[in-house]
Amino acid sequence: MEHTVNYLVCIPLLPLAGAFVLGMMHMLTCKNPLPEKLYSFLAMLGPLGSLIFTVIIFSTLREMPAESRYLTQNMFTWFSAGDLHVDMGLFADPLSTLFLIFVTFIGSLIHIYSIGYMAGEENYGKYFAYFNLFLGSMLILVLGNGPVVMFIGWEGVGLCSYLLISFYTKDRDNVLAGNKAFIVNRVGDLGFVLGVAVLFWGLHSALGGAGFDYLNIKAGASTLTAGTGLAVCLLLFIGATGKSAQFPLYVWLPDAMAGPTPVSALIHAATMVTAGIYMVARFSFLYASYPFAGDVVAWVGILTALLAAIIGCFQRDIKKILAYSTVSQLGYMFAGVGVAAYSAGIFHVFTHSFFKALLFLGAGSVIYALHHEQDIWKMGGLKKKMPLTWIVMVIGALALAGFPPFAGFFSKDEILFMALAKGHWMIWLIGVCVAGLTAFYSFRLIFLVFHGKPRDQKSYDNAHEPPPVMTVPLIILAVGATFAGFFNLPAFFSGDSMVSTWLAPSLLEHHSEASRVTEGVAMVLSIAVVLLGIFYAWKKFASKPEDKPLTGFAKWGEDKFYVDEFYNAFIVQPWIAFGRTISNFIEPNIVDLPVKGTTWLYGVLGMLFKVFQAGYVRVYAIYMVIGLSLMSIFLSQSL
Amino acid sequence: MHDLVSFLPLVITCTGALLLMLYAVCPKAEQEKASLMSMGFFAVAFFAQLLVVCTVSRPLFPETFNGMLGVSGFTNAACLIVYACGFFTTLSSHTYFRENHFATVEFYSLLLFSAVGMVLLSMARELITAFIALEIMSLAIYVLVGFNRASSRSTEAIFKYLILGAFSGAFFCMGTAMIYGAAGSTRFDSIAEWLAFNPATTPLMLGGAFFLLITIFFKISAFPFHAWVLDVYDGSSNPITGFMATALKTAVFAMIANFLALSGNLHDSWITGLFWIAVFTMFGGNLIAIGQDNVKRMIAASGIVHSGYLLIALVAINSEYFSGAVIAYYLAAYSVATLGMFAALSWLGGEGEKRVTFDDFKGLAKRQPLAAATIAVFLLSMAGIPPTAGFMGKFYIITSAISAGQIALGVLGIISSIISMWYYLRLIVSMYFHDAEEDFIVDGSSLASISTVALAVAVFAIGLFPLVL
Amino acid sequence: MYIDTLFSIFALIAIAGSLGLVLFRHPMQSALCLAVTMISLAGIYALLSAKLIFLLQLIVYAGAVMAMIVFIIMFLNLREKDLPEERERFTYLIGGAVLLIPVAWFMIKVMKSIPGVKNSIVGNGFGSIKELGQVLFTNWLVPFEIISLLLLVTLVGAVVLAGIRRESND
Amino acid sequence: MIEDYLVLSVILFCIGILGVISRRNVFTVLMSIELMLNAANLAFVAFARLNETMDGQILAMMVIAVAAAEAALGLAVIILLHRQKGRLDSNVFSLLKG
């Protein structure tokens, strides 16, 4: 079977080209912008085109034998230095194709939604240019044929998140949030780069000048020494914690809510945060050989999930709640891939992308209806005004809480069950608790926003359903959030685990079997915990919610356990002080000295040479003869 | 037949020169028309040259011309650069002479004549043919430099250039005589044959090559034969300065590269000498440029530095597989930036070239953002900032030096290019970070402005060109 | 034998003439000295069996070129006060001579490296007009043709620089 | 001996260089350059005699033509200089410097 195709490049290229065209148009016409319809039409071309190509790739891959199911395209040799040979190439296998499917699909839906949400905004063209760029970078990240190409996309999404989070540049807080996201991501990127460097260092003799891509790395991975392999895994995971917002680098994600709501949806559902999971799954052949690294990943994941779920229970801002839920769900995913249940983790990424996009876009609709009001304590009773939004939000919340038969149930339970089956019962236990918390805070949100009495009558009166361009994507996503789980119906429900089977060739996974009884009991238990959470939320918030100041532990939770303040006091401030010292004292007095000295020397020499340009033709002739004479002396030696 | 096609662009240019010369006699002759005609001739010659670009390396009319002219891929590239330079110089001149009224039809005739000389020089496969071509080129350029008879600066420039040029030309003659004495012939193929059996350090061959190189060093303004270049560039009109800095250098480099590449023996014997000349040229040029306040003099001095880089490439050429691609690429990159710079100066310089110093361009970015941006592009390309053509050119030169084992030279080249930022950035700072003191009222619809923009695009196009390959 | 004697005489005259060129203050005296050098060089060409070059040296160089130079000197009607003072020229001459020692030494070393051959007049039409013409129009056609271009450039250039210019565009 | 002719050529060449670098009179400088070209010519003819090929004499002819052209243009420039300043001192023409 021929593995080389020439249309892979179209997938990232179409959104990138869209970004370029939109960006140029915006720059050329920023004074008197073109009609919004034109921008939106152009913006849609890229994502939809990518979606079509993704479908083509999917069907091509399906026809290939499972064991050699991949497509590649090499565009050109990017660079080649010593043994390091990097091709600018793309690589599509079942894993990346699954990512492509939901990235392009959900990305397109969010694009459509944005047309409505951003209508009438300033910098409409710039927004869509960034959006397309974001999607294009994510697609490069997913499709890159090796860690170096992946890194282009990795940095690209980081850049775009910065640009989009601080999109409303007039507000200084937004810019600071963008800076925070960028800087925290850079910390993670350092880990990633170091990991790739160590990986290459460990492999360069095994590669022997062959291309530094996944196929060759996988083939040579067995030659890594144990220490090197472990170091690579841990360093790469640092990168993943940055991009996928895990402890201790999760702090940027809640602040990233500063951007327009569709941006949050895109970051949380389709791009950026899934990158870390993708990367760990991509290197599953490494993580599988180092159980310790896997344990670290799993524990960091599940603890992040717990922490974020607790914080989520006490937030007031509708988008922050969703943000912490994302952090929490990402923790689940890492727990999944950490216990070597890669397909379960990936499947949760897949389902999560549907219901999280749904929740964000639904929240966006609410915010849009209430003219940018984000505090859930100022909402209430919106069920009557926005029935459609209510329905889809409930579906999203049920899916998030993991209530059967919605999408989240199957994927989350798969992770929990796999943790149990592999003997990580502590992780399983925490996971179940987190499930209860998740149910609690998601329904807290639903009840406070849609039920009860309106707490702010004025904005309640103005509320209305958004236009169809926004509701249609919501409906499509709601359908997805309801049924996406059935793609991977486990054997327990006499399903055939379609997604896991599809992913099998890309992942190195050992399936462990546990008895049907255990599986059943675990499932019932988690459903029960979820129901408990929903019930508690109903009891507390459905009829007569009280917005009283929080105290004690709850206050801690509301203030996010002071992690940001901790970072500020112990990392940011000392760092700033250190920087001040350097710039005020060390830089001008010590570092600049040789620079200034050289500058001075050159200035003096320059003046001297000016004198030599005396302007007399005879003097110039004399220079020539002096040169001639010196060279003659030199040449006479060799005669 | 093939020979005739290879010869076609030269014939076109030559015809153009002669026609314009005759047109000059016509009582109703107008210089504006003449400039359009010469533009046409250069354009046609350029496209004719594009047609012949693919011809393989061979002597032209070997029976009739006795192998004295030849074409190769490198020669073709050099000719392309010369024609393009001529074309853009004509565009700049057209604008320049709207505010400076001293042009006549002969100006364009001489421009075409000098291009003929340059093309012949790059095609020459025989020393005395090369000498005559060099003189055609030089004499035409001398006259163009001194074209403004009313200006004492211009007269001084032609005087200095002519005296020193003729002085250095005498060395070429003496060198040719010595090589003739050694090898019994002045044809490149015979010299190569002779060198196959005799060492290049035979006294007569060594001395002959030495004197030839002296002339070449003078023409490309290598240290210590550089002193004339600032005064002459300063004194001549903007378009001509651009033409001199680019086309002339291209042709001379084509000739000397062809000569040095004729035998590995000969090239090897000059590596050490060229090494030192390259180093002194780069650093001497930088030091001179640092002290300059006048943009034209600064560009002239930076031209010395660029000659240094090209000498690095000359050190690194491989005689067995000589394609000259690196040299041709760098020349193209350098020419585009320099021509663009002088096109912009022709456009912005104003009447009697009143804007010449760094301070005169203060705040240009506020009044003429497009012009400032294009000038910044050219300066950045000259400084070798990616993704401009200048960066790629320098990159190739330094990699070729390193792959030829001249690591020290490569490192020195990088250091020199860092130093050169000093004076390039100074102009950018002056344009962008100062308030405007005047309005820079210029005719924005002129041909020079179009050519400036076209060249700025070309800076990037040439920079990306190797990626396309 | 008489060839060597004649050469010595011509050489001495040539060197004396060239020194006169460099040393005399007035350009007219220098020009006449140069003419003397050129004529004696013509004689040396004859000794080297270069009959045509001997003729050309006399006709073109000593005749035409020198006549042109002398004509221009007289045309400009230089008086004593137009000439540069050049008091320092002997300093420069001595300094220049010192500077030139390595160059001259190098060149003489190069020239001395050839095998010693006794000069004698070569017969068989070596250097005569017919033979030279044949070589010129067979092997050396290209340089001969492009010299015509050079002369055209000079013509146009001299007119542009020194001729009457029609002020067309002002 | 042929090399004597060549040595004479070297001497004349060096005297020519000396004239260029030590004199300020523009005419003398121009004539010194002519002298250098003459010296090169002598070398051509002497080498032609040595190699017993006539190519050297052809080359000498070419150089004579080039020298004549250069002299013509040089004289045109001298007329130009004289028109501007009325002086023929090369040091007078040092407006461009630095």
Side-chain angles (χ1 to χ4, degrees), chain C residues 7 11 14-15 18-19 21-22 27 30-31 34 37-38 41 44-45 48-50 52-53 56 60-61 64-65 68-69 72-73 76 82-84 86 89 92-93 96-97 100 103-104 107-108 111-112 114 116-119 122 126-127 131-132 135-136 140 143 147 150-151 154 157-158 161-162, chain D residues 1-19 21-25 27-28 30-32 34-35 38 41-43 45-46 48-50 52 54-55 57-58 60-62 64-69 71-73 75-80 82 86-91:
Chain C
F7 169 73
I15 291 171
S18 60
L19 283 175
L21 159 72
V22 174
S30 299
L34 181 60
T37 308
M38 283 179 174
L41 276 178
I44 290 174
Y45 293 152
L48 285 167
S49 331
L52 181 62
I53 303 298
L56 286 179
V60 178
Y61 239 133
V65 176
M68 187 163 69
I69 292 176
I72 297 293
I73 294 172
L76 293 180
D82 298 336
L83 297 172
E86 297 196 78
R89 73 175 187 273
Y92 272 89
L93 277 171
L100 277 171
V103 182
M107 285 178 77
I108 287 173
M111 296 301 194
K112 285 271 189 188
I114 60 159
V117 174
K118 197 117 179 71
N119 185 22
V122 186
F126 180 79
E131 272 72 18
L132 214 58
V135 180
L136 179 65
W140 296 91
I147 274 190
L150 177 71
L151 295 176
T154 317
L161 289 180
Chain D
M1 301 294 262
I2 301 284
E3 65 217 61
D4 296 338
Y5 293 80
L6 293 169
V7 172
L8 175 64
S9 139
V10 170
I11 292 169
L12 293 180
F13 193 75
C14 288
I15 293 175
I17 298 178
L18 201 58
I21 62 174
S22 64
R23 295 300 303 265
R24 270 157 55 184
N25 191 314
F27 266 116
T28 315
L30 194 70
M31 286 189 286
S32 298
E34 293 296 316
L35 180 64
N38 262 297
N41 261 355
L42 176 57
V45 176
R49 172 67 190 76
L50 182 73
E52 299 211 20
M54 276 182 289
D55 292 351
Q57 299 186 8
I58 307 263
M61 273 171 59
M62 308 279 174
I64 290 177
V66 172
L73 207 61
L75 290 170
V77 171
I78 288 177
I79 292 175
L80 203 58
H82 190 263
R87 305 269 307 273
L88 288 178
D89 184 349
S90 73
N91 277 10

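Reckoned from all heavy atoms, side chains included, excluding hydrogens, waters and symmetry mates. Note on naming: letters A, B, ... go to the chains in the order of the sequence lines (proteins, then strands), and numbering restarts at 1 for each one.
Considering only heavy-atom pairs separated by less than 4.5 Å from chain D, the leading option among C:Leu150, C:Leu132, C:Leu19 is C:Leu132. Ranked by heavy-atom pairs shorter than 4.5 Å toward chain D, the options C:Leu48, C:Val22, C:Leu161 are led by C:Leu48. Ranked by heavy-atom pairs shorter than 4.5 Å toward chain C, the options D:Leu18, D:Ile21, D:Val77 are led by D:Leu18. Per-residue counts of heavy-atom pairs under 4.5 Å with chain C were compared for D:Gln57, D:Met61, D:Glu3; the largest is that of D:Gln57. Of the listed residues (C:Leu52, C:Leu56, C:Ile73), the one with the most heavy-atom contacts under 4.5 Å to chain D is C:Ile73. Of the residues considered (C:Ile108, C:Val60, C:Ile69), C:Ile69 shows the highest number of contacts with chain D, using heavy-atom pairs under 4.5 Å. Among D:Leu30, D:Ile79, D:Asp55, the residue making the largest number of heavy-atom pairs under 4.5 Å with chain C is D:Asp55. Heavy-atom pairs under 4.5 Å with chain D were tallied for C:Leu83, C:Val135, C:Leu76, C:Val103; the largest tally goes to C:Leu76. Considering only heavy-atom pairs separated by less than 4.5 Å from chain C, the leading option among D:Ile58, D:Leu73, D:Ile64 is D:Ile58. Per-residue heavy-atom pair counts under 4.5 Å with chain C were compared for D:Ile17, D:Ile78, D:Val66, D:Val45, and the maximum is reached by D:Val45. Per-residue heavy-atom pair counts under 4.5 Å with chain C were compared for D:Leu35, D:Asn38, D:Thr28, and the maximum is reached by D:Asn38.
Closest approach of C:Pro27 to D:Phe27, counting heavy atoms only: CB-CB, 3.6 Å. Scanning all heavy atoms of the two residues, the minimum distance from C:Gly127 to D:Met54 falls at N-SD, 3.3 Å. Closest heavy-atom contact between C:Val65 and D:Ala71: CG1-CB, 4.0 Å. Considering all non-hydrogen atoms of both residues, D:Ser32 and D:Gly16 come closest at CB-O, 3.5 Å.
The part of D:Leu12 that comes within reach of chain C is its side chain, from C-beta onward, which places non-hydrogen atoms under 4.5 angstrom from that chain. Neither the backbone nor the side chain of D:Asn91 comes within contact range of chain C; no heavy atom of the residue lies under 4.5 Å from a heavy atom of that chain. Heavy-atom distances place the side chain of D:Ile11, and not its backbone, under 4.5 Å from chain C. Of the two parts of D:Leu50, only the side chain, counted from C-beta on, holds a non-hydrogen atom closer than 4.5 Å to a non-hydrogen atom of chain C. In this structure, the portion of D:Phe13 lying under 4.5 Å from any heavy atom of chain C is its side chain and not its backbone. Residue contact with chain C, scored on non-hydrogen atoms closer than 4.5 Å, involves the side chain of D:Leu80 exclusively.
Proximity of a side-chain donor or acceptor of D:Arg87 to a complementary backbone N or O of D:His82 within less than 3.5 Å is not detected. A donor-acceptor contact shorter than 3.5 Å links the side chain of C:Ser30 to the backbone of C:Leu21. Of the possible donor and acceptor atoms, one in the side chain of C:Thr37 sits under 3.5 Å from a partner among the backbone N and O of C:Ser18.
The ring-ring contact (aromatic ring centres under 6.0 Å, His included) test applied to C:Tyr61 returns no partner, not counting sequence neighbours.
Within the 4.5 Å cutoff, the side chain of C:Ile15 has heavy atoms near those of the D:Leu8 side chain.
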- [ ] Evaluate side-chain contact (heavy atoms from CB on, under 4.5 Å) for D:Ser90 paired with D:Arg24, printing each intermediate quantity in order.
- [x] CA-CA 5 Å; D:Ser90 73; D:Arg24 270 157 55 184; 3.9 Å; yes

